[in-house]
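Below is one structure, written out as structure tokens, with a few remarks after it.
So you know, we letter chains A, B, ... as the sequences are listed, proteins then strands, and number each from 1.
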Number of protein chains: 2
Amino acid sequence: MLTERQLLVLQVIIDEFIQTAQPVGSRSISKKGEVTFSSATIRNEMADLEEMGLIEKTHSSSGRVPSEKGYRFYVDHLLSPFRLSNKEIHSIQETFRDQMLEFERVVQKSAGILSDLTNYTSIILGPEVFETKLKQLQIVPLTPQTAVAILVTNTGHVEHRAFNIPQEIEANDLEKMVNILNDRLYGVPLVQLHEKIFNEVGDLLKTHTRNYEQAFQYLQAALLNEQPAKLYVGGKTNILMQPEFKDLEKVRSLYAMMEKESEIVHLLRSEHPGIHVKIGHENEVDAMQDCSLITASYALGDDQIGTIALLGPTRMEYNRVIKLMNVLSSEMTDTFKSWYQGE
Amino acid sequence: MLTERQLLVLQVIIDEFIQTAQPVGSRSISKKGEVTFSSATIRNEMADLEEMGLIEKTHSSSGRVPSEKGYRFYVDHLLSPFRLSNKEIHSIQETFRDQMLEFERVVQKSAGILSDLTNYTSIILGPEVFETKLKQLQIVPLTPQTAVAILVTNTGHVEHRAFNIPQEIEANDLEKMVNILNDRLYGVPLVQLHEKIFNEVGDLLKTHTRNYEQAFQYLQAALLNEQPAKLYVGGKTNILMQPEFKDLEKVRSLYAMMEKESEIVHLLRSEHPGIHVKIGHENEVDAMQDCSLITASYALGDDQIGTIALLGPTRMEYNRVIKLMNVLSSEMTDTFKSWYQGE
DNA sequence: TTTAGCACTCAACAGACAAGAGTGCTAACA
DNA sequence: TGTTAGCACTCTTGTCTGTTGAGTGCTAAA
């Protein structure tokens, strides 16, 4: 167990290091206002803290630097409640004030403001579309051979996909089919679309349209094939400003990772609701072992979940950032809720 | 005017430097197969070339490096016709083989393949939507207060925008309005939509719908407000691999520039049809003064123009890259043309 | 228990030096 | 007259050395 004084010393070291990115020495600690002991005393405490693995030296006679374990302890026990400045609060409210009616815009803007306010890189996983419900399905013919299928959900989300009309199918049949589908599938969550069609609508379709098989396959390929969750990234270049990334090799591997969207989607999707902090090697991805990743979730309507994340060096302003993400995620949730209330 | 031999020396220097990124010395040139003179002779020629400003030294006793003027000369006069390898041709054809029916996919894939094959950064300016024609306009109500407006063009392009329905307007009116618009505006190029509505359709609408003014304003805001040209960027991280960008500061400014989409759109849009090469300071943007930008245009149907661009260091494989962009732009043009033929 | 003092360690910086690559110039050669 | 061999010179790069300063650990005194 840590003594009061050790807690204080640890706190000062981490706070200081987060500010300056420089190893902090005993003397500079002793000169701090809230510290009343001599540098020698502090050296003793530091030796103890080091023994516990909470801080490290970069070389035998350097000042101390927080270890990952130290950051973990800091995040778990030493986080002081943080007050955002008026300016920050203002700029968030400003962002959400103007009416935005589409997910994309809300999410995009949120990513922007988050990275701007933190100088880290924000990554937002767009809302899962699974639970959103079908509002309308439509097919607009472009040429005799091609058409575009459009799908609108109750959240205002629009998916579209162009496809070839197979020769065996007449425009007539296609239209009938769409009518039936609209009739039967209104309000069905997208995630159930597949089974619903097979179990309930399939037979009906067969009786009404010739060449049901082909037509249906095409439609399915056009619409249900892929709904890749979208990533919104803000402040990608902020990483370059951090002194820990003056090594190009690190930047390279980190950027390479960020280009693999599917991996990131997977990473973020697996998080549970609430705020989570992953420090350094707690991240499984190799390229992120010098980084911390903070994730928070936002809700949409009942339980729909998207994730907002912030990527920075392990030396992160945890308290500020966590506060910020709290505010933002609830702001997003509120915005979405307000849409639902009108329904 | 340059002698045969000077041309040869210049060619070898630039070819060599493009390969190695190292200053090339007289001795290494003399050892080349196609060169038959001694290093001393070459030194004399190099002195002349330097006097003409075509090559430079990095310091008083270093090998030579092409100057921007040298690259310019190289591009204008020394470009040997380049044969793509079978592998490259194959991978391009492969990309365009599978049926893609949407601009986005074609352009996206093109950007990908271009950056993959060159190891530079590709930037493609999506096709201008101005000349594309309205196919269908539609409004899907989401809640009593909100709806999403969808616009489909003859190219299969889909724009959508959610908006608030003002209380004064009844769903009925909105529907009427859409019907009228669809009826009258079918096949009208998007760029003419504005005036067409004002001049021809406005009166008709007024007589049929109450609260025409508001309804119309809303619809207009929803659909016509912005159609920002989309940028598709591929291989952003390739820049990091280039030895000339081991200086973080350069990378930073370059990346910062690339985040300003509007600026790039402006830059690319101003190009005339055909292939253009801008070397170093020929680029007006500060951050690009160590880069070369190669642009080519692609056509869509008659005269619609989009731009594909490639950003790399001035030390670029010009002949290969130019060939590649030629192939790609015509491949894109062909793809789009095939869509039109079916119409 | 705390602190002053001191010897020790190490990174960072600067200067010195050698090696190597490449040049310009001169003089000799075809 | 054009070409080339030879040589002195220049500049970068890497290595080594010594110095400085920040910071530590330990000991002994308060």
Quiz item: Any sub-3.5 Å donor-acceptor pair from Asn238(A)'s side-chain atoms to Ser115(A)'s backbone N or O?
Solution: yes
Quiz item: Only one of Glu45(B), Glu56(B), Glu50(B) forms a salt bridge (Lys or Arg N to Asp or Glu O under 4.0 Å) with Arg64(B), so which one is it?
Solution: Glu50(B)
Quiz item: Going by modelled atom types, is there a donor-acceptor pair between the base of dT9(C) and the side chain of Ser61(A) at under 3.5 Å?
Solution: yes
Quiz item: To the nearest Å, how far apart are His59(B) NE2 and dA21(C) P?
Solution: 12 Å
Practice problem: Would you please test Ile239(A) and Tyr120(A) for side chain to side chain contact (heavy atoms under 4.5 Å, CB included) and show each step? | Solution: CA-CA 6 Å; Ile239(A) 289 177; Tyr120(A) 303 128; over 6 Å; no
Self-check item: Residue closer to the 5' end of DNA chain D, Thr58(B) versus Thr41(B) (nearest nucleotide)
Solution: Thr41(B)
Exercise. Could you state the atom-to-atom distance from CD of Glu51(A) to P of dT24(D) in whole Å?
Key: 16 Å
Self-check item: 5'-most by nearest nucleotide on DNA chain D - Arg5(B) or Ser26(A)
Solution: Arg5(B)
Quiz item: Does a side-chain N or O from Ser60(A) land closer than 4.0 Å to OP1 or OP2 of dC10(C), or not?
Solution: yes
Quiz item: Hey, does the side chain of Lys57(B) come within less than 4.0 Å of dC11(D)'s phosphate (OP1/OP2), counting only N and O?
Solution: no
Self-check item: Distance in angstrom units between Arg27(A) CZ and dA22(D) P, rounded
Solution: 9 Å
Self-check item: Sole candidate of Lys32(A), Gln11(A), Gln22(A) that passes side chain to side chain donor-acceptor pair (under 3.5 Å) when paired with Glu16(A)
Solution: Lys32(A)
Quiz prompt | Arg64(B) side chain near dG24(C) phosphate (N/O to OP1/OP2, under 4.0 Å) | solution = yes
Practice problem: Mind calculating the distance between CD (Gln6(B)) and C1' (dT3(D)) to the nearest angstrom? | Solution: 15 Å
Exercise. For residues Tyr255(A) and Phe245(A), establish whether the separation of their ring centroids is below 6.0 Å.
Key: no
Quiz item: What is the distance, rounded to the nearest whole Å, between atom CD of Glu50(A) and atom C1' of dT24(D)?
Solution: 10 Å
Self-check item: side-chain N/O Ser38(A) vs dT3(C) OP1/OP2, d < 4.0 Å
Solution: yes
Practice problem: Specify the separation, in whole Å, of atom CD1 of Ile42(B) and atom C1' of dG22(C). | Solution: 13 Å
Practice problem: Specify the separation, in whole Å, of atom CD of Glu56(A) and atom P of dG23(D). | Solution: 18 Å
Practice problem: Take the protein atom CZ of Arg43(A) and the nucleotide atom C1' of dC26(D), then report the distance between them rounded to whole Å. | Solution: 10 Å
